[in-house]
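Structure first, then comments.
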There are 2 protein chains.
Amino acid sequence: MDQSDATASVRGERKAPATIYDIARHTGFSPSTVSRALNKPGRLNATTERRIRDAAEELGYRINPMARALPTGKTGTLGLVVSDITNPVYFDLVRGAEHIASEADSTLIFADSQESARLERSIAERLQTSVDGLLLVGSRLGDQDIRELSSVKPLVVVNRLVDGVPAVVPDVAPGIEAALGALRERGHRRIAYLAGPEASWMNTLRWQTLFDLAVSWGLSIVEIKSTEPTRAGGAEAFQRIVAADVTAVFAYNDLIALGLLRASRDRGVAVPESLSIVGFDDIFGADLPTPALSSIRSPLGELGERATRRLLTEIDGAPAEAGAALPTRFIDRESIAAVRS
Amino acid sequence: MDQSDATASVRGERKAPATIYDIARHTGFSPSTVSRALNKPGRLNATTERRIRDAAEELGYRINPMARALPTGKTGTLGLVVSDITNPVYFDLVRGAEHIASEADSTLIFADSQESARLERSIAERLQTSVDGLLLVGSRLGDQDIRELSSVKPLVVVNRLVDGVPAVVPDVAPGIEAALGALRERGHRRIAYLAGPEASWMNTLRWQTLFDLAVSWGLSIVEIKSTEPTRAGGAEAFQRIVAADVTAVFAYNDLIALGLLRASRDRGVAVPESLSIVGFDDIFGADLPTPALSSIRSPLGELGERATRRLLTEIDGAPAEAGAALPTRFIDRESIAAVRS
DNA sequence: CCTATTCTGTCAATCGATTGCCAGTTTGGC
DNA sequence: GCCAAACTGGCAATCGATTGACAGAATAGG
């Protein structure tokens with residue numbers, strides 16, 4: 001129900017917020033002095049500063065970020081563009097980014113490109129006019145597009161590498177190695193990779209890493225396409241998985257893995273007895289189904305923190321300091337098992 | 001790994017974005033004419049307008065929202081404050097809000113109060129200086145706080161009712177009635193409500209509605225406290241639920257329900273055979289466990305759309321038009337069953 | 001052909017803050 | 001005591017856009 005109390009609606013009589021001019025008038029100092037009292041501690045006589053600060057407090061003064069942005073060129077705002085806000089993967093990443101941003105007194109603006117490169121580009125462009133820098137997570141854009149955006153304002157890409165653009169990516173090898181090792185120990189020899197979007201850099205990184213490792217271990221491996229990186233996409237791929245005659249499958253992400261898991265159960269293929277499944281990201285809910293999904297987890301929170309910190313230094317024009325690697329980890333739950341003899 | 005290509009870093013040589021002054025110089029018209037050409041179609045000679053628009057295009061002109069905000073007082077931005085960004089409930093709501101906002105050419109700023117009223121208030125205040133209006137979802141603030149915020153700038157609350165403040169809430173009755181009806185049919189007579197945060201208005205609405213209905217149907221019902229509205233909180237409440245000797249429980253939200261479901265399974269209490277569980281919100285993942293969780297779903301997407309539209313009209317100072325009710329719906333999956341004789 | 005409109009484009013003030021430069025006042029060193 | 005250095009605070013320009021008022025030009029009506 002849509003409720004609104006017509007009687008008491010406060011609309012109309014909102015009083016304009018206090019400005020430094022109000023404080024100036026109120027204290028008898030000039031606006032520039034007020035500005036200094038508020039932003040350059042120590043620049044003025046201590047008593048003056050005190051008086052002005054008190055007046056500001058009293059008048060409920062809040063700085064107008066827009067007005068400040070004009071002369072300084074700094075908006076105190078960071079933009080975060082993700083491909084799909086509906087994907088639980090981004091939880092921790094967002095949290096991490098938020099955390100660092102608020103530490104630095106910046107606000108985070110959030111946008112969703114709905115898995116569309118065209119939309120992503122236009123959103124990023126619009127956002128760029130109002131932020132100090134941009135975080136692009138799992139971008140579907142071409143390298144050239146990203147480089148162009150990066151030439152306009154500071155930008156950091158996450159889960160992606162682009163020549164000449166600052167980036168933060170996890171090290172996928174440890175997690176993949178652990179998972180593939182667990183599978184090999186349990187007798188698996190024929191493995192499939194259920195792929196994600198072709199435009200996803202992370203998809204090809206995962207596939208490539210898995211492929212190289214499997215080959216070097218003498219395992220056979222195939223890539224199987226999926227229609228979309230969602231539960232529906234995973235379910236849809238079920239038939240192609242069984243047709244491929246493999247005993248284990250890595251899915252590009254947990255959403256796909258979850259869809260496949262469910263489809264398998266529904267069609268009478270036992271997981272993990274007849275088919276082992278490993279996802280990526282260890283999203284919220286991965287541990288919910290029976291069997292609980294085994295997954296390769298990225299340190300998303302740290303990724304978000306790291307990327308944001310990187311963006312902040314980029315904005316300050318400071319040199320980037322390399323950080324330690326951010327390794328992925330294999331969370332082994334119940335969706336893998338030994339091959340039946 | 002933290003990657004950055006030192007060689008190609010574009011930093012430093014970013015060229016300043018084009019302004020209306022650049023366009024003015026480039027076309028020989030005055031800045032005010034440029035402004036009019038871009039914002040008041042028809043106000044100028046068609047040829048002039050064309051020439052200016054072309055030049056703008058050519059120079060890659062993007063309006064500076066900060067600069068515009070100063071004289072107009074409109075930032076073209078809406079703020080959305082949720083209590084916990086990590087709660088999947090907000091997905092659809094955010095999507096809905098985003099959808100309407102982008103239709104209206106506004107950007108959505110997103111903030112998270114981490115379930116803390118203090119933080120929520122300070123975040124809201126900070127945000128208010130840079131947005132045209134605020135959306136408060138599931139606010140933990142007191143009525144008075146909300147009214148004060150509302151007196152500064154347009155504000156709409158979602159999932160909450162506050163005297164004198166525009167609000168959008170779903171109608172919880174239909175879903176609760178359907179769920180309780182299903183339970184009654186299956187022989188349940190002793191029901192528990194596993195409560196959410198006391199500061200949550202929606203919590204008391206759900207409890208109250210459930211309570212009244214149960215009483216009027218002659219069912220016995222108890223409220224059981226939980227420590228926090230998360231899976232951990234639900235698990236933690238398990239013992240108190242069994243001690244209460246009920247055959248069915250409604251949980252304040254799906255997170256709690258999921259936690260309880262898991263705890264029950266782990267401690268050997270069969271769901272739904274020995275205990276029926278109903279959640280609220282039907283979040284992502286509710287259908288994942290075995291048994292899949294039955295849940296009462298709010299039309300969150302529409303809620304978000306409605307609230308955003310309402311905020312937009314509030315900003316324009318237009319009168320609010322009442323909309324149709326937004327009924328909840330009972331999604332019956334596998335977590336309820338008949339009482340064992 | 002003359003006046004009354006309607007068009008077009010420019011001027012200049014304004015939004016709220018920041019900041020380089022300057023001048024008057026203190027303070028300090030010797 | 002005298003001069004230099006350090007403090008304090010104000011002036012005025014600036015950031016990029018918007019907009020009311022106005023003037024000259026074009027058009028219309030009779």
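The sequence lines fix the lettering, A, B, ..., with proteins before strands; numbering per chain opens at 1.
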What's the separation between atom CG in A/Leu136 and atom OG in A/Ser113, rounded to the nearest 0.5 Å?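 So the gap between those two atoms works out to 8.0 Å.
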
If I take atom [atom1] in residue [X] and atom [atom2] in nucleotide [N], what distance separates them, rounded to the nearest angstrom?
X: A/Ile52; N: D/dG9; atom1: CD1; atom2: P; answer: 8 Å
X: B/Asn45; N: D/dA26; atom1: CG; atom2: P; answer: 11 Å
X: A/Leu44; N: D/dC7; atom1: CG; atom2: C1'; answer: 10 Å
X: A/Glu49; N: D/dC7; atom1: CD; atom2: P; answer: 14 Å
X: A/Phe29; N: D/dC11; atom1: CZ; atom2: C1'; answer: 16 Å

Donor-acceptor pair, side chain of B/Gln128 and main chain of B/Gly133, under 3.5 angstrom: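 Side chain of B/Gln128 to backbone of B/Gly133, a donor-acceptor pair under 3.5 Å: no, none is there.
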
Assess whether a salt bridge exists between [X] and [Y], defined as any Lys/Arg side-chain N lying under 4.0 Å from an Asp/Glu carboxylate O.
X: A/Glu314; Y: A/Lys153; result: no
X: A/Arg95; Y: B/Asp112; result: yes
X: A/Arg53; Y: A/Glu57; result: no

Might you list the N or O atoms of the protein lying below 3.5 Å from N or O atoms in nucleotides 14-19 of chain C, with each pair's distance?
unit_1, atom_1, unit_2, atom_2, d
C/dC15, O2, B/Pro71, N, 3.1
C/dG16, N2, A/Ala67, O, 3.0
C/dA17, OP1, A/Tyr61, OH, 2.7
C/dA17, OP1, A/Asn64, N, 3.3
C/dA17, OP2, A/Ile20, N, 2.6
C/dA17, N7, A/Tyr21, OH, 2.8
C/dT18, OP1, A/Asn39, ND2, 3.3
C/dT18, OP1, A/Arg68, NE, 2.7
C/dT18, OP1, A/Arg68, NH2, 2.7
C/dT18, OP2, A/Ser35, OG, 2.7
C/dT18, OP2, A/Asn39, ND2, 2.7
C/dT19, OP2, A/Lys40, NZ, 3.0

State yes or no: are the ring centers of B/Tyr21 and B/Phe29 separated by less than 6.0 Å?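 Centroid distance B/Tyr21-B/Phe29: not below 6.0 Å, so no.
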
Please give the angle, rounded to 10 degrees, between the axes at the start and the end of the helix from C/dC1-D/dG30 to C/dC30-D/dG1, where five pairs define each axis.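 That helix has its two terminal axes inclined by roughly 20°.
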
Check: B/Arg160 and B/Met202 side chains under 4.5 Å, non-hydrogen atoms: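 The answer is no, as the side chains (C-beta and beyond) never meet within the 4.5 Å cut-off.
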
If every non-hydrogen atom of B/Leu38 is compared with every non-hydrogen atom of B/Tyr61, which pair is closest and at what distance? CD2-CE2, 3.8 Å

